[in-house]
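So the structure is just underneath, and the comments pick up after that.
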Amino acid sequence: MGDDFYFRVYEVIAQIPYGKVTTYGAIARYLGISRSARLVGMACAAAAGKLDLPFHRVVNRNGELTGKHNFPTSDFMEQMLTAEGVKLINGCVDLKNFLWEPEIY
DNA sequence: CGGGTGACTTTAC
DNA sequence: CGTAAAGCCACCC
């Protein structure tokens, strides 16, 4: 399991605060691979259902729940976020109030 | 080594 | 609103 890159992604996801979300682009930028937001999504898909991480707190740049199909039900992701207090507008996260980004040093 | 693929993003039409 | 294309890079044949 030489998922050196995936491991980084998982660490960031594990740091997403309760009631907040982050974007693939933000994670990619934090890891220094700002042009590979796709790989962040791949890492999530690869670990979805395997690792116990808040994948539901990862959305795309538009606040859309692009990964909902990877959950047991299509509304699982939305319900998890709602349960945490994250407001959704037409199926999209209100990033203006619930976006969290990892700090870049 | 090379080609296909993808929970992305942006630009363009 | 929609689709197309390109850029990007790790993973899996």
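If you check dC11(C), dT9(B), dA7(B) against the side chain of A45(A), the one that comes closest is dA7(B). Of the candidate nucleotides dC11(C), dC9(C), dA7(B), dC11(C) has the atom nearest to the side chain of Y6(A). Nearest to the side-chain atoms of M42(A) among the listed nucleotides dC11(C), dT10(B), dA7(B) stands dC11(C). Looking at the side chain of T66(A), the nearest of the listed nucleotides dT10(B), dC9(C), dA7(B) is dA7(B). Proximity note for F5(A) (side chain, C-beta onward) versus dT10(B), dA10(C), dA7(B): the nearest is dA10(C). Closest to the side chain of Y24(A), out of dC11(C), dA7(B), dC8(C), is dA7(B). When distances run from any side-chain atom of S36(A) to the nucleotides dC9(C), dA7(B), dT9(B), the shortest one goes to dC9(C).
The distance from atom CD1 of I89(A) to atom NZ of K96(A), rounded to the nearest 0.5 Å, is 10.5 Å.
Y10(A) has its OH atom 11 Å from the C1' atom of dA10(C), to the nearest Å. Nucleotide dT10(B) holds its C1' atom 12 Å from the CG atom of N62(A), rounded to whole Å. Remark: C1' of dA7(B) and CG of L81(A) are 13 Å apart, rounded to the nearest angstrom. Whole-Å rounding puts the H69(A) NE2 to dG6(B) P distance at 14 Å. Taking atom CG on D4(A) and atom C1' on dC11(C), their separation rounds to 14 Å, with Å as the unit. Between the CG atom of L39(A) and the P atom of dG7(C) there is a distance of 16 Å, rounded to whole Å. Summarising the geometry, the separation between CG on L53(A) and C1' on dA7(B) is reported as 14 Å, rounded to the nearest angstrom. In this entry the distance linking CD1 of I33(A) with P of dT9(B) reads 12 Å, nearest Å.
Not a single donor-acceptor pair under 3.5 Å links the side chain of K87(A) to the backbone N or O of L95(A). A donor-acceptor contact shorter than 3.5 Å links the side chain of T22(A) to the backbone of W100(A).
Around NZ of K20(A), the count of heavy atoms belonging to other residues, nucleotides or ligands within 6.0 Å exceeds 12.
The heavy-atom pair separating A47(A) from F55(A) by the smallest distance is CB-CZ, 3.6 Å.
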